[in-house]
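Since the structure comes first, as C-alpha coordinates, the remarks are kept for the end.
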Amino acid sequence: MFAPDIILAAVLNGLMTGAVYALTAVGLTLVYGVLHIINFAHGAILTAAMFAAYFAWKAGIDPYIAVFGLAPLFFGAGYAVQRYVIGPSSHGEDRNILLVTLGLSIVIENALLAGFRSDTRTIDVPYGFSVIDLGFTFLSVPRVVAFGASCAAAALLWGILTRTDTGKAIRAVAKEKLGASLVGIDVAHVYAVTFGLGAACLAVAACLLLPTFYVHPRVGNAYVLVAFTIVVLGGMGSVPGALIGGLFIGVVESLSGLFLGESLGQIGIFLIFILVLLVRPTGLFGARA
Amino acid sequence: MAEPILRVSGLVAGYGGADVLRGLDMEVAPGEIVAVLGSNGVGKTTLNKTLSGVLRPRAGTIRFDGRDIHAQPPQDIVAAGLIHVPEGRKIFPDMSVRENLELGSYRRARANRSANLERVFQVFPRLRERTAQRAGTLSGGEQQMLAIGRGLMAEPRLLILDEPSLGLSPLLVEEMFGLVRTLNTDGLSILLVEQNVMQSLDLAHRAYVLENGAFVLSGQGADLARNPELEKAYLGL
(Lines give C-alpha, C1' and ligand atoms only; values in the text may rest on other atoms or scores of the structure.)
Protein backbone atom coordinates (compact mmCIF):
# COMPACT_ATOMS: atom_id res chain seq x y z
CA MET A 1 0.00 0.00 0.00
CA PHE A 2 1.05 3.60 -0.52
CA ALA A 3 1.52 6.15 2.18
CA PRO A 4 -1.37 8.61 2.53
CA ASP A 5 0.72 11.57 1.42
CA ILE A 6 1.59 9.85 -1.85
CA ILE A 7 -2.09 9.21 -2.46
CA LEU A 8 -2.90 12.80 -1.56
CA ALA A 9 -0.22 13.98 -3.99
CA ALA A 10 -1.72 11.79 -6.71
CA VAL A 11 -5.16 13.23 -6.00
CA LEU A 12 -3.83 16.79 -6.22
CA ASN A 13 -2.08 16.03 -9.48
CA GLY A 14 -5.22 14.39 -10.79
CA LEU A 15 -7.30 17.44 -9.92
CA MET A 16 -4.88 19.63 -11.85
CA THR A 17 -5.00 17.46 -14.95
CA GLY A 18 -8.73 17.09 -14.48
CA ALA A 19 -9.36 20.84 -14.56
CA VAL A 20 -7.97 21.02 -18.10
CA TYR A 21 -9.93 17.90 -19.03
CA ALA A 22 -13.03 19.65 -17.70
CA LEU A 23 -12.34 22.66 -19.87
CA THR A 24 -12.04 20.53 -23.01
CA ALA A 25 -15.19 18.63 -22.06
CA VAL A 26 -17.29 21.67 -21.24
CA GLY A 27 -17.13 22.96 -24.82
CA LEU A 28 -18.14 19.57 -26.16
CA THR A 29 -21.06 19.21 -23.76
CA LEU A 30 -22.25 22.76 -24.36
CA VAL A 31 -22.36 22.26 -28.12
CA TYR A 32 -24.14 18.95 -27.61
CA GLY A 33 -26.62 20.45 -25.19
CA VAL A 34 -27.59 23.31 -27.50
CA LEU A 35 -27.06 22.04 -31.06
CA HIS A 36 -27.78 18.39 -30.15
CA ILE A 37 -24.80 17.15 -32.15
CA ILE A 38 -21.45 15.67 -31.25
CA ASN A 39 -18.89 18.08 -32.62
CA PHE A 40 -16.39 15.78 -34.31
CA ALA A 41 -14.14 18.75 -35.06
CA HIS A 42 -13.56 19.33 -31.33
CA GLY A 43 -10.17 17.60 -31.27
CA ALA A 44 -9.02 19.27 -34.47
CA ILE A 45 -9.93 22.69 -33.09
CA LEU A 46 -7.90 21.94 -29.94
CA THR A 47 -4.98 20.93 -32.15
CA ALA A 48 -5.32 24.09 -34.21
CA ALA A 49 -5.39 26.14 -31.01
CA MET A 50 -2.23 24.43 -29.75
CA PHE A 51 -0.50 25.22 -33.04
CA ALA A 52 -1.68 28.82 -32.75
CA ALA A 53 -0.27 29.01 -29.22
CA TYR A 54 2.94 27.37 -30.40
CA PHE A 55 3.48 29.93 -33.15
CA ALA A 56 2.57 32.75 -30.79
CA TRP A 57 5.37 31.48 -28.55
CA LYS A 58 7.72 31.36 -31.57
CA ALA A 59 6.81 35.00 -32.16
CA GLY A 60 7.83 35.76 -28.59
CA ILE A 61 4.43 35.70 -26.85
CA ASP A 62 4.18 33.50 -23.78
CA PRO A 63 1.14 31.14 -23.88
CA TYR A 64 -0.21 32.73 -20.70
CA ILE A 65 -0.31 36.07 -22.50
CA ALA A 66 -1.38 34.63 -25.85
CA VAL A 67 -4.50 33.15 -24.26
CA PHE A 68 -6.03 36.61 -24.00
CA GLY A 69 -5.76 37.00 -27.77
CA LEU A 70 -6.40 33.41 -28.82
CA ALA A 71 -9.59 32.90 -26.79
CA PRO A 72 -11.41 35.79 -28.55
CA LEU A 73 -9.87 34.78 -31.87
CA PHE A 74 -11.13 31.22 -31.56
CA PHE A 75 -14.49 32.46 -30.37
CA GLY A 76 -14.76 34.49 -33.56
CA ALA A 77 -13.53 31.65 -35.74
CA GLY A 78 -15.93 29.18 -34.09
CA TYR A 79 -18.78 31.64 -34.51
CA ALA A 80 -18.01 32.10 -38.20
CA VAL A 81 -17.59 28.38 -38.90
CA GLN A 82 -20.94 27.53 -37.33
CA ARG A 83 -22.81 30.49 -38.79
CA TYR A 84 -21.43 30.41 -42.32
CA VAL A 85 -20.26 26.82 -42.87
CA ILE A 86 -21.84 24.24 -40.58
CA GLY A 87 -25.25 25.89 -40.21
CA PRO A 88 -25.95 26.60 -43.91
CA SER A 89 -24.56 23.27 -45.08
CA SER A 90 -26.66 21.26 -42.63
CA HIS A 91 -30.03 22.37 -44.06
CA GLY A 92 -31.59 21.78 -40.66
CA GLU A 93 -30.68 18.09 -40.50
CA ASP A 94 -28.72 17.01 -37.42
CA ARG A 95 -27.00 14.15 -39.19
CA ASN A 96 -25.65 16.57 -41.78
CA ILE A 97 -24.08 18.68 -39.03
CA LEU A 98 -22.40 15.53 -37.76
CA LEU A 99 -20.89 14.86 -41.16
CA VAL A 100 -19.88 18.46 -41.71
CA THR A 101 -17.99 18.59 -38.38
CA LEU A 102 -16.34 15.26 -39.22
CA GLY A 103 -15.28 16.66 -42.59
CA LEU A 104 -14.07 19.82 -40.90
CA SER A 105 -11.86 17.82 -38.55
CA ILE A 106 -10.31 15.97 -41.50
CA VAL A 107 -9.66 19.25 -43.31
CA ILE A 108 -8.10 20.93 -40.25
CA GLU A 109 -5.90 17.96 -39.31
CA ASN A 110 -4.63 17.43 -42.82
CA ALA A 111 -4.05 21.12 -43.42
CA LEU A 112 -1.90 21.13 -40.28
CA LEU A 113 -0.16 17.96 -41.41
CA ALA A 114 0.52 19.44 -44.84
CA GLY A 115 1.69 22.71 -43.39
CA PHE A 116 3.81 21.55 -40.48
CA ARG A 117 4.44 17.80 -41.07
CA SER A 118 4.03 15.27 -38.30
CA ASP A 119 6.93 16.56 -36.20
CA THR A 120 6.37 16.77 -32.48
CA ARG A 121 7.07 20.25 -31.22
CA THR A 122 7.56 21.49 -27.70
CA ILE A 123 8.14 24.91 -26.26
CA ASP A 124 10.65 25.92 -23.67
CA VAL A 125 9.42 28.40 -21.11
CA PRO A 126 11.43 29.57 -18.09
CA TYR A 127 8.79 28.31 -15.65
CA GLY A 128 8.45 24.94 -17.43
CA PHE A 129 10.06 22.97 -14.63
CA SER A 130 9.32 25.25 -11.69
CA VAL A 131 7.68 23.56 -8.74
CA ILE A 132 5.90 24.52 -5.56
CA ASP A 133 7.12 22.60 -2.51
CA LEU A 134 4.21 21.49 -0.33
CA GLY A 135 6.45 19.57 2.06
CA PHE A 136 5.10 16.13 1.21
CA THR A 137 5.13 16.65 -2.56
CA PHE A 138 6.02 19.05 -5.33
CA LEU A 139 3.46 20.62 -7.62
CA SER A 140 4.49 21.72 -11.10
CA VAL A 141 3.87 25.46 -11.52
CA PRO A 142 2.42 25.24 -15.07
CA ARG A 143 -0.05 22.64 -13.85
CA VAL A 144 -1.09 24.76 -10.89
CA VAL A 145 -1.59 27.67 -13.28
CA ALA A 146 -3.59 25.41 -15.59
CA PHE A 147 -5.80 24.38 -12.67
CA GLY A 148 -6.43 27.94 -11.54
CA ALA A 149 -7.02 29.27 -15.03
CA SER A 150 -9.34 26.39 -15.97
CA CYS A 151 -11.41 27.04 -12.87
CA ALA A 152 -11.51 30.75 -13.69
CA ALA A 153 -12.55 30.04 -17.29
CA ALA A 154 -15.25 27.65 -16.10
CA ALA A 155 -16.52 30.23 -13.62
CA LEU A 156 -16.59 32.87 -16.35
CA LEU A 157 -18.52 30.53 -18.63
CA TRP A 158 -20.96 29.75 -15.84
CA GLY A 159 -21.41 33.46 -15.22
CA ILE A 160 -22.17 34.03 -18.89
CA LEU A 161 -24.70 31.20 -18.99
CA THR A 162 -26.58 32.18 -15.83
CA ARG A 163 -26.23 35.97 -15.64
CA THR A 164 -26.34 37.39 -19.16
CA ASP A 165 -29.22 37.56 -21.61
CA THR A 166 -27.08 35.82 -24.21
CA GLY A 167 -26.34 33.00 -21.77
CA LYS A 168 -30.02 32.68 -20.91
CA ALA A 169 -30.83 32.62 -24.61
CA ILE A 170 -28.34 29.76 -25.03
CA ARG A 171 -30.05 27.79 -22.26
CA ALA A 172 -33.46 28.61 -23.71
CA VAL A 173 -32.53 27.39 -27.20
CA ALA A 174 -31.05 24.22 -25.70
CA LYS A 175 -34.42 23.13 -24.31
CA GLU A 176 -37.07 24.87 -26.37
CA LYS A 177 -36.09 26.07 -29.81
CA LEU A 178 -39.56 27.12 -30.97
CA GLY A 179 -40.28 28.96 -27.72
CA ALA A 180 -36.94 30.72 -28.09
CA SER A 181 -37.72 31.83 -31.65
CA LEU A 182 -41.05 33.19 -30.48
CA VAL A 183 -39.47 35.49 -27.88
CA GLY A 184 -37.24 36.83 -30.64
CA ILE A 185 -34.08 34.84 -30.03
CA ASP A 186 -32.11 34.42 -33.26
CA VAL A 187 -31.46 30.68 -33.07
CA ALA A 188 -28.75 30.67 -35.77
CA HIS A 189 -26.89 33.38 -33.84
CA VAL A 190 -27.19 31.46 -30.57
CA TYR A 191 -25.91 28.28 -32.23
CA ALA A 192 -22.90 30.21 -33.52
CA VAL A 193 -22.22 31.85 -30.13
CA THR A 194 -22.36 28.42 -28.48
CA PHE A 195 -19.96 26.95 -31.00
CA GLY A 196 -17.69 29.96 -30.53
CA LEU A 197 -17.72 29.51 -26.73
CA GLY A 198 -16.75 25.87 -27.20
CA ALA A 199 -13.83 26.89 -29.43
CA ALA A 200 -12.77 29.60 -26.97
CA CYS A 201 -12.65 27.01 -24.14
CA LEU A 202 -10.35 24.92 -26.34
CA ALA A 203 -8.11 27.91 -27.02
CA VAL A 204 -7.76 28.46 -23.27
CA ALA A 205 -7.05 24.76 -22.71
CA ALA A 206 -4.45 24.80 -25.51
CA CYS A 207 -2.53 27.71 -23.96
CA LEU A 208 -2.60 25.98 -20.57
CA LEU A 209 -1.44 22.63 -21.96
CA LEU A 210 1.34 23.91 -24.16
CA PRO A 211 4.01 24.62 -21.47
CA THR A 212 3.94 20.97 -20.33
CA PHE A 213 2.83 19.17 -23.46
CA TYR A 214 3.78 18.76 -27.10
CA VAL A 215 2.13 19.73 -30.38
CA HIS A 216 1.58 17.68 -33.48
CA PRO A 217 -1.28 17.50 -35.97
CA ARG A 218 -3.23 14.79 -34.11
CA VAL A 219 -2.56 15.84 -30.54
CA GLY A 220 -6.16 16.91 -29.89
CA ASN A 221 -7.60 13.43 -30.37
CA ALA A 222 -6.18 12.03 -27.14
CA TYR A 223 -7.91 14.79 -25.21
CA VAL A 224 -11.18 14.48 -27.05
CA LEU A 225 -11.52 10.80 -26.22
CA VAL A 226 -11.19 11.68 -22.55
CA ALA A 227 -13.49 14.67 -23.02
CA PHE A 228 -16.13 12.44 -24.54
CA THR A 229 -15.92 10.09 -21.55
CA ILE A 230 -16.37 13.07 -19.25
CA VAL A 231 -19.37 14.33 -21.20
CA VAL A 232 -21.08 10.94 -20.90
CA LEU A 233 -20.10 10.64 -17.22
CA GLY A 234 -21.37 14.12 -16.37
CA GLY A 235 -24.53 13.78 -18.44
CA MET A 236 -24.73 14.78 -22.11
CA GLY A 237 -25.23 18.52 -22.28
CA SER A 238 -24.68 19.26 -18.59
CA VAL A 239 -22.08 21.95 -17.95
CA PRO A 240 -21.74 21.29 -14.18
CA GLY A 241 -21.55 17.59 -15.04
CA ALA A 242 -18.62 18.20 -17.38
CA LEU A 243 -16.79 20.28 -14.78
CA ILE A 244 -17.18 17.80 -11.94
CA GLY A 245 -16.74 14.86 -14.31
CA GLY A 246 -13.48 16.35 -15.57
CA LEU A 247 -12.01 16.71 -12.10
CA PHE A 248 -13.19 13.22 -11.21
CA ILE A 249 -11.68 11.65 -14.33
CA GLY A 250 -8.39 13.46 -13.68
CA VAL A 251 -8.22 11.95 -10.20
CA VAL A 252 -9.23 8.49 -11.48
CA GLU A 253 -6.50 8.60 -14.09
CA SER A 254 -3.92 9.73 -11.57
CA LEU A 255 -4.87 7.10 -8.98
CA SER A 256 -5.03 4.26 -11.47
CA GLY A 257 -1.64 5.42 -12.73
CA LEU A 258 -0.37 5.19 -9.17
CA PHE A 259 -1.79 1.73 -8.48
CA LEU A 260 -1.50 0.11 -11.91
CA GLY A 261 1.56 1.87 -13.27
CA GLU A 262 1.83 5.08 -15.23
CA SER A 263 1.23 3.53 -18.64
CA LEU A 264 -2.08 2.00 -17.50
CA GLY A 265 -3.48 5.20 -16.01
CA GLN A 266 -6.11 5.60 -18.71
CA ILE A 267 -7.56 2.15 -18.04
CA GLY A 268 -9.35 3.63 -15.04
CA ILE A 269 -11.02 6.21 -17.26
CA PHE A 270 -12.45 3.66 -19.63
CA LEU A 271 -13.52 1.34 -16.83
CA ILE A 272 -15.49 4.26 -15.40
CA PHE A 273 -16.90 4.95 -18.85
CA ILE A 274 -18.18 1.40 -19.24
CA LEU A 275 -19.54 1.38 -15.68
CA VAL A 276 -21.45 4.61 -16.26
CA LEU A 277 -22.94 3.26 -19.47
CA LEU A 278 -24.04 0.12 -17.63
CA VAL A 279 -25.30 1.62 -14.39
CA ARG A 280 -26.34 5.18 -15.14
CA PRO A 281 -26.42 5.85 -18.88
CA THR A 282 -27.83 9.35 -18.40
CA GLY A 283 -24.69 10.36 -16.49
CA LEU A 284 -24.35 12.01 -13.09
CA PHE A 285 -26.22 15.19 -14.00
CA GLY A 286 -28.08 14.00 -17.08
CA ALA A 287 -31.79 14.51 -17.45
CA ARG A 288 -33.77 11.31 -17.49
CA ALA A 289 -34.62 10.50 -21.06
CA MET B 1 -62.98 50.15 -39.54
CA ALA B 2 -59.64 51.78 -38.74
CA GLU B 3 -56.51 50.87 -40.66
CA PRO B 4 -55.98 47.22 -39.64
CA ILE B 5 -52.95 46.35 -37.52
CA LEU B 6 -52.74 42.98 -39.28
CA ARG B 7 -53.76 42.32 -42.85
CA VAL B 8 -53.27 38.90 -44.42
CA SER B 9 -53.88 38.50 -48.17
CA GLY B 10 -53.84 35.34 -50.25
CA LEU B 11 -51.73 33.47 -47.70
CA VAL B 12 -50.53 30.03 -48.81
CA ALA B 13 -48.27 27.95 -46.58
CA GLY B 14 -47.47 24.33 -45.88
CA TYR B 15 -44.89 21.66 -45.27
CA GLY B 16 -43.13 19.45 -47.79
CA GLY B 17 -45.34 18.75 -50.76
CA ALA B 18 -48.63 19.78 -49.18
CA ASP B 19 -50.25 23.18 -48.80
CA VAL B 20 -51.93 23.49 -45.41
CA LEU B 21 -53.21 27.04 -45.85
CA ARG B 22 -54.84 27.59 -49.22
CA GLY B 23 -55.24 31.33 -49.70
CA LEU B 24 -56.31 33.10 -46.52
CA ASP B 25 -57.48 36.71 -46.26
CA MET B 26 -58.05 38.26 -42.87
CA GLU B 27 -57.72 41.46 -40.88
CA VAL B 28 -57.38 42.49 -37.28
CA ALA B 29 -58.19 46.11 -36.37
CA PRO B 30 -56.44 47.87 -33.48
CA GLY B 31 -58.11 47.05 -30.18
CA GLU B 32 -60.04 44.12 -31.62
CA ILE B 33 -60.28 40.53 -30.41
CA VAL B 34 -60.44 38.34 -33.49
CA ALA B 35 -60.98 34.61 -33.11
CA VAL B 36 -59.84 31.96 -35.55
CA LEU B 37 -61.85 28.82 -34.94
CA GLY B 38 -61.55 25.33 -36.28
CA SER B 39 -61.11 21.76 -35.19
CA ASN B 40 -57.83 19.88 -35.02
CA GLY B 41 -55.71 19.76 -38.14
CA VAL B 42 -57.41 22.50 -40.15
CA GLY B 43 -54.29 24.68 -40.16
CA LYS B 44 -54.66 26.94 -37.11
CA THR B 45 -51.18 26.33 -35.78
CA THR B 46 -49.71 26.58 -39.28
CA LEU B 47 -51.34 29.98 -39.61
CA ASN B 48 -49.77 31.12 -36.34
CA LYS B 49 -46.36 29.81 -37.28
CA THR B 50 -46.55 31.63 -40.59
CA LEU B 51 -47.64 34.87 -38.94
CA SER B 52 -44.73 34.71 -36.49
CA GLY B 53 -42.18 33.93 -39.21
CA VAL B 54 -41.28 30.42 -38.05
CA LEU B 55 -42.72 29.12 -41.32
CA ARG B 56 -42.19 30.98 -44.62
CA PRO B 57 -45.37 31.52 -46.64
CA ARG B 58 -45.36 30.17 -50.19
CA ALA B 59 -47.52 32.96 -51.49
CA GLY B 60 -49.45 35.96 -50.23
CA THR B 61 -48.61 38.89 -48.02
CA ILE B 62 -48.71 39.60 -44.30
CA ARG B 63 -48.80 43.27 -43.41
CA PHE B 64 -48.35 44.22 -39.77
CA ASP B 65 -48.47 47.74 -38.47
CA GLY B 66 -47.83 49.21 -41.91
CA ARG B 67 -44.95 46.93 -42.91
CA ASP B 68 -44.74 43.72 -44.90
CA ILE B 69 -43.41 41.01 -42.57
CA HIS B 70 -43.94 37.79 -44.53
CA ALA B 71 -40.27 37.60 -45.59
CA GLN B 72 -38.89 38.52 -42.16
CA PRO B 73 -37.31 36.14 -39.63
CA PRO B 74 -39.12 35.55 -36.31
CA GLN B 75 -36.86 37.86 -34.30
CA ASP B 76 -37.70 40.85 -36.51
CA ILE B 77 -41.41 40.08 -36.24
CA VAL B 78 -41.09 39.94 -32.45
CA ALA B 79 -39.18 43.24 -32.56
CA ALA B 80 -42.10 44.76 -34.48
CA GLY B 81 -44.45 43.76 -31.64
CA LEU B 82 -46.31 40.76 -33.05
CA ILE B 83 -46.03 38.31 -30.19
CA HIS B 84 -47.15 34.69 -30.45
CA VAL B 85 -47.95 32.66 -27.34
CA PRO B 86 -47.74 29.18 -28.81
CA GLU B 87 -49.87 26.12 -28.37
CA GLY B 88 -48.34 23.86 -25.73
CA ARG B 89 -46.81 26.96 -24.04
CA LYS B 90 -43.21 26.24 -25.12
CA ILE B 91 -41.82 27.72 -21.93
CA PHE B 92 -38.21 27.03 -20.94
CA PRO B 93 -38.64 24.12 -18.50
CA ASP B 94 -35.19 24.19 -16.87
CA MET B 95 -35.21 27.89 -16.18
CA SER B 96 -36.85 29.75 -13.35
CA VAL B 97 -40.14 31.59 -13.73
CA ARG B 98 -38.28 34.88 -13.50
CA GLU B 99 -35.77 33.89 -16.20
CA ASN B 100 -38.62 32.81 -18.48
CA LEU B 101 -40.27 36.19 -18.05
CA GLU B 102 -37.00 38.06 -18.52
CA LEU B 103 -36.44 36.29 -21.82
CA GLY B 104 -39.85 37.57 -22.92
CA SER B 105 -38.13 40.94 -23.24
CA TYR B 106 -35.03 39.56 -24.95
CA ARG B 107 -35.78 41.29 -28.24
CA ARG B 108 -38.28 44.00 -27.36
CA ALA B 109 -39.01 46.33 -24.44
CA ARG B 110 -35.82 45.32 -22.66
CA ALA B 111 -35.46 48.79 -21.16
CA ASN B 112 -38.84 48.41 -19.42
CA ARG B 113 -38.06 44.94 -18.13
CA SER B 114 -38.47 45.57 -14.42
CA ALA B 115 -41.63 47.65 -14.83
CA ASN B 116 -43.19 45.02 -17.10
CA LEU B 117 -42.20 42.25 -14.69
CA GLU B 118 -44.14 44.06 -12.01
CA ARG B 119 -47.10 44.44 -14.36
CA VAL B 120 -47.09 40.71 -15.19
CA PHE B 121 -46.96 39.87 -11.48
CA GLN B 122 -50.01 42.08 -10.95
CA VAL B 123 -51.88 40.21 -13.67
CA PHE B 124 -50.68 36.82 -12.39
CA PRO B 125 -50.00 37.04 -8.62
CA ARG B 126 -49.42 33.29 -8.66
CA LEU B 127 -46.26 33.77 -10.70
CA ARG B 128 -44.85 36.21 -8.17
CA GLU B 129 -45.02 33.50 -5.49
CA ARG B 130 -43.02 31.21 -7.74
CA THR B 131 -40.31 33.40 -9.27
CA ALA B 132 -37.47 31.05 -8.34
CA GLN B 133 -39.30 27.84 -9.19
CA ARG B 134 -38.31 25.85 -12.27
CA ALA B 135 -40.92 26.50 -14.94
CA GLY B 136 -41.19 22.82 -15.84
CA THR B 137 -42.51 22.03 -12.36
CA LEU B 138 -45.47 24.45 -12.60
CA SER B 139 -49.00 23.14 -13.07
CA GLY B 140 -50.57 23.34 -16.53
CA GLY B 141 -52.56 26.45 -15.68
CA GLU B 142 -49.53 28.17 -14.21
CA GLN B 143 -47.48 27.28 -17.27
CA GLN B 144 -50.14 28.89 -19.45
CA MET B 145 -50.01 32.01 -17.26
CA LEU B 146 -46.23 32.01 -17.62
CA ALA B 147 -46.43 31.69 -21.40
CA ILE B 148 -48.86 34.62 -21.61
CA GLY B 149 -46.82 36.59 -19.08
CA ARG B 150 -43.69 35.99 -21.15
CA GLY B 151 -45.56 37.32 -24.18
CA LEU B 152 -46.69 40.43 -22.28
CA MET B 153 -43.09 41.19 -21.30
CA ALA B 154 -42.45 42.24 -24.91
CA GLU B 155 -45.20 44.91 -24.83
CA PRO B 156 -47.11 43.32 -27.72
CA ARG B 157 -48.94 45.42 -30.29
CA LEU B 158 -50.79 42.27 -31.32
CA LEU B 159 -50.90 39.15 -29.18
CA ILE B 160 -51.56 35.78 -30.81
CA LEU B 161 -52.89 33.25 -28.33
CA ASP B 162 -52.82 29.71 -29.70
CA GLU B 163 -55.21 27.43 -27.81
CA PRO B 164 -54.78 29.10 -24.42
CA SER B 165 -57.57 26.98 -22.96
CA LEU B 166 -56.12 23.66 -24.06
CA GLY B 167 -55.68 21.20 -21.20
CA LEU B 168 -57.12 23.52 -18.56
CA SER B 169 -59.96 22.75 -16.19
CA PRO B 170 -63.31 24.46 -16.99
CA LEU B 171 -62.77 26.87 -14.12
CA LEU B 172 -59.35 27.86 -15.41
CA VAL B 173 -60.69 28.18 -18.95
CA GLU B 174 -63.23 30.67 -17.62
CA GLU B 175 -60.41 32.53 -15.89
CA MET B 176 -58.31 32.53 -19.04
CA PHE B 177 -61.09 33.99 -21.17
CA GLY B 178 -61.71 36.62 -18.50
CA LEU B 179 -58.04 37.52 -18.68
CA VAL B 180 -58.15 37.87 -22.46
CA ARG B 181 -61.06 40.27 -22.08
CA THR B 182 -59.17 42.30 -19.47
CA LEU B 183 -56.05 42.54 -21.62
CA ASN B 184 -58.19 43.70 -24.52
CA THR B 185 -59.99 46.28 -22.39
CA ASP B 186 -56.57 47.74 -21.68
CA GLY B 187 -56.20 48.28 -25.44
CA LEU B 188 -54.35 45.18 -26.62
CA SER B 189 -55.27 43.70 -30.01
CA ILE B 190 -55.65 39.93 -29.74
CA LEU B 191 -55.82 37.13 -32.24
CA LEU B 192 -57.36 34.20 -30.39
CA VAL B 193 -56.96 30.83 -32.05
CA GLU B 194 -59.23 28.30 -30.38
CA GLN B 195 -61.18 25.09 -30.58
CA ASN B 196 -63.45 26.34 -27.85
CA VAL B 197 -66.13 27.79 -30.15
CA MET B 198 -68.91 29.23 -28.02
CA GLN B 199 -66.72 30.87 -25.39
CA SER B 200 -64.49 32.33 -28.10
CA LEU B 201 -67.41 33.74 -30.07
CA ASP B 202 -68.80 35.22 -26.90
CA LEU B 203 -65.53 37.03 -26.33
CA ALA B 204 -64.43 37.98 -29.83
CA HIS B 205 -65.55 41.00 -31.79
CA ARG B 206 -65.17 39.07 -35.01
CA ALA B 207 -64.27 35.53 -35.95
CA TYR B 208 -63.10 33.43 -38.87
CA VAL B 209 -63.87 29.74 -39.16
CA LEU B 210 -61.06 27.74 -40.68
CA GLU B 211 -61.71 24.46 -42.44
CA ASN B 212 -59.21 22.54 -44.55
CA GLY B 213 -56.93 25.52 -44.90
CA ALA B 214 -59.57 28.02 -45.99
CA PHE B 215 -61.94 30.38 -44.19
CA VAL B 216 -65.45 29.09 -44.73
CA LEU B 217 -67.29 31.57 -42.51
CA SER B 218 -66.52 34.92 -40.97
CA GLY B 219 -68.36 37.71 -39.27
CA GLN B 220 -69.29 39.33 -35.98
CA GLY B 221 -68.89 36.97 -33.04
CA ALA B 222 -72.52 37.19 -31.93
CA ASP B 223 -73.88 36.73 -35.46
CA LEU B 224 -71.69 33.72 -36.10
CA ALA B 225 -72.80 32.11 -32.86
CA ARG B 226 -76.39 32.09 -34.21
CA ASN B 227 -75.42 31.00 -37.72
CA PRO B 228 -76.60 27.44 -38.46
CA GLU B 229 -73.74 27.10 -40.96
CA LEU B 230 -71.29 27.26 -38.05
CA GLU B 231 -72.08 23.85 -36.67
CA LYS B 232 -71.91 22.38 -40.15
CA ALA B 233 -68.58 23.98 -40.92
CA TYR B 234 -67.13 23.22 -37.57
CA LEU B 235 -68.16 19.62 -37.43
CA GLY B 236 -67.31 19.16 -41.09
CA LEU B 237 -70.80 17.87 -41.83
Side-chain angles (χ1 to χ4, degrees), chain A residues 29-30 32-36 82-84 87-88 91-93 157-194 234-242 282-289, chain B residues 15-16 45 48-49 51-56 72-96 98-111 113 134-136 143 146-156 159-162:
Chain A
T29 211
L30 190 63
Y32 178 81
V34 179
L35 283 75
H36 306 293
Q82 167 60 35
R83 181 108 205 205
Y84 303 110
H91 299 283
E93 296 273 348
L157 184 68
W158 188 248
I160 291 174
L161 288 177
T162 54
R163 298 262 185 269
T164 69
D165 265 22
T166 303
K168 287 174 189 171
I170 289 172
R171 287 158 57 216
V173 169
K175 292 291 174 194
E176 184 43 74
K177 209 159 77 172
L178 177 60
S181 288
L182 294 179
V183 298
I185 294 171
D186 180 349
V187 173
H189 170 73
V190 165
Y191 276 5
V193 168
T194 306
M236 306 277 284
S238 163
V239 170
T282 54
L284 298 176
F285 292 80
R288 279 155 294 276
Chain B
Y15 311 91
T45 294
N48 288 342
K49 283 187 175 173
L51 292 177
S52 52
V54 175
L55 188 68
R56 269 297 148 79
Q72 293 196 330
Q75 62 267 24
D76 292 356
I77 292 174
V78 169
L82 198 169
I83 308 297
H84 172 184
V85 177
E87 180 191 2
R89 295 119 195 187
K90 308 294 178 196
I91 53 166
F92 310 122
D94 284 1
M95 302 175 80
S96 71
R98 173 182 285 273
E99 285 176 315
N100 267 271
L101 292 173
E102 284 172 351
L103 278 174
S105 54
Y106 176 86
R107 182 65 59 182
R108 189 178 148 86
R110 194 183 295 209
R113 182 174 281 178
R134 279 182 57 219
Q143 290 191 12
L146 181 60
I148 295 176
R150 187 178 67 180
L152 293 176
M153 288 296 292
E155 299 182 356
L159 190 67
I160 302 179
L161 296 172
D162 193 348

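A note on names: the letters A, B, ... follow the listed sequences, proteins ahead of strands, and every chain is numbered from 1.
Proximity to chain A is absent for every atom of B/Leu82, based on heavy atoms less than 4.5 angstrom apart. Using a 4.5 Å cut-off between heavy atoms, B/Arg110 touches chain A through its side chain atoms alone.
Between B/Leu159 and B/Leu152, the closest side-chain pair of non-hydrogen atoms falls below 4.5 Å.
With respect to the salt-bridge test (charged N to carboxylate O, under 4.0 angstrom), the residues B/Arg134 and B/Asp94 qualify.
Residues from residues 180-187 of chain A that place a non-hydrogen atom less than 4.5 Å from a non-hydrogen atom of chain B comprise A/Ala180, A/Ser181, A/Leu182, A/Val183, A/Gly184, A/Ile185, A/Asp186, given in numerical order.
Note that the OG1 atom of A/Thr166 and the CD1 atom of A/Ile160 stand 8.5 Å from one another [nearest 0.5 Å]. Here the CG-CD1 distance, from B/Leu103 to B/Ile91, works out to 12.0 Å after rounding to the nearest 0.5 Å. Interatomic distance, A/Leu157 CG to A/Thr162 OG1, rounded to the nearest 0.5 Å: 9.5 Å. Distance check: B/Asn100 CG to A/Lys168 NZ gives 10.5 Å after rounding to the nearest 0.5 Å.
Judged by the 6.0 Å distance and 45° axis criteria, B/Arg113 is not positioned over the aromatic ring of B/Tyr106.
For A/Ser238 (side chain) and A/Gly235 (main-chain N/O), no donor-acceptor pair under 3.5 Å exists by modelled atom type.
Taking chain A as the reference chain and counting heavy-atom pairs below 4.5 Å, the highest number among B/Met153, B/Arg89, B/His84 is found for B/His84. Here B/Arg107 is the residue among B/Arg150, B/Arg108, B/Arg107 with the most heavy-atom pairs under 4.5 Å with chain A. The most heavy-atom pairs under 4.5 Å with chain B, out of A/His189, A/Glu176, A/Lys177, come from A/Glu176.
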